[in-house]
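To start, the structure under review is shown below, and the notes come after it.
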Amino acid sequence: MIIAVDGPAASGKGTIARALAGHFGLPHMDTGLLYRAAALNLLGMGGDPESEFAAARACDLSQIDFDDPELRSETVGGVASRISAYPLVREALLERQRRFAGQPGGAILDGRDVGTVIAPAAEVKLFVTASPEVRAQRRYAELRRIGLDVHFPDVLADIRARDERDRSRAAAPLQVAEDADLLDTSDMTISAAVQRAIALVEARTGQSAQETAGPAS
Ligand code: DC
């Protein structure tokens, strides 16, 4: 079973995807991390984010440590959002995501275009969203928690700019797949959102967690 979880920045899609992976016993890929890794490579190489060719050259991820906290920074996220608009970058990262999605036993991937481009035949597609204000509030609280001196209006402006870029790009824009279930987490706790996501998966597949999980390895 392939589960595609798409949605805008800070919508809660990553948290929901990780919880679903644990619940259904499926491997999980955060596809945004690939774009972030390419962005971090590019910055490390002193490359220009305005150059599609430089960005495409930064897509060799063989040396990347996916646990590097720098990958989660706002700077890297901003560059990732910029370079993810380039067709050459999307093409360079496509195969890795398709291979992960196609592994025997299934997988869960979260991102922007999983249900539309990476795995259009996914059995379950969730589009997780929340209002820009709520998402900015979550991101603001998270950044404050790790000690960053950020201001709410800046975080909100950043979220809006990222939404605009992710939605308006020509290559694989953020959009709701026709056959996706919408999950608006604006007024939900994390645990309520996860429960709702589990219920949506079960409704689509008619399966509970025990039936879905492959053999333990
Ligand atoms: O989900 P995130 O914030 O880690 O993603 C960082 C950027 O990567 C996001 O602004 C757009 C891009 N991205 C993408 O274009 N397609 C994906 N499937 C995942 C992320």
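Residue indices begin at 1 and follow the sequence shown. Start at 1 and go down the list; that is how both ligands and their atoms are numbered. This one's a predicted model, so the numbers in the text were calculated from it and none came from an experiment.
- The shortest heavy-atom contact between His28 and Ala21 is CB-CB, 3.7 Å.
- Counting heavy atoms from C-beta outward, Thr185 and Arg138 have side chains that approach closer than 4.5 Å.
- The stretch residues 117-129 participates, sequence neighbours left out, in these salt bridge (Lys or Arg N to Asp or Glu O under 4.0 Å) pairs: Lys125-Asp179.
- For Phe53, there are no ring-ring contact (aromatic ring centres under 6.0 Å, His included) partners at least two apart in sequence or on another chain.
- Remark: Asp6 does not engage Lys13 in a salt bridge, criterion side-chain N to carboxylate O under 4.0 Å.
- Using a heavy-atom distance under 4.0 Å as the criterion, the protein contacts of ligand 1 are Lys13, Thr31, Gly32, Tyr35, Arg36, Ala80, Ser81, Ser84, Arg90, Gly111, Arg112, Asp113, Arg162, Asp166, Arg169.
- Taking Arg165 as the reference, nothing meets the salt bridge (Lys or Arg N to Asp or Glu O under 4.0 Å) condition, with sequence neighbours excluded.
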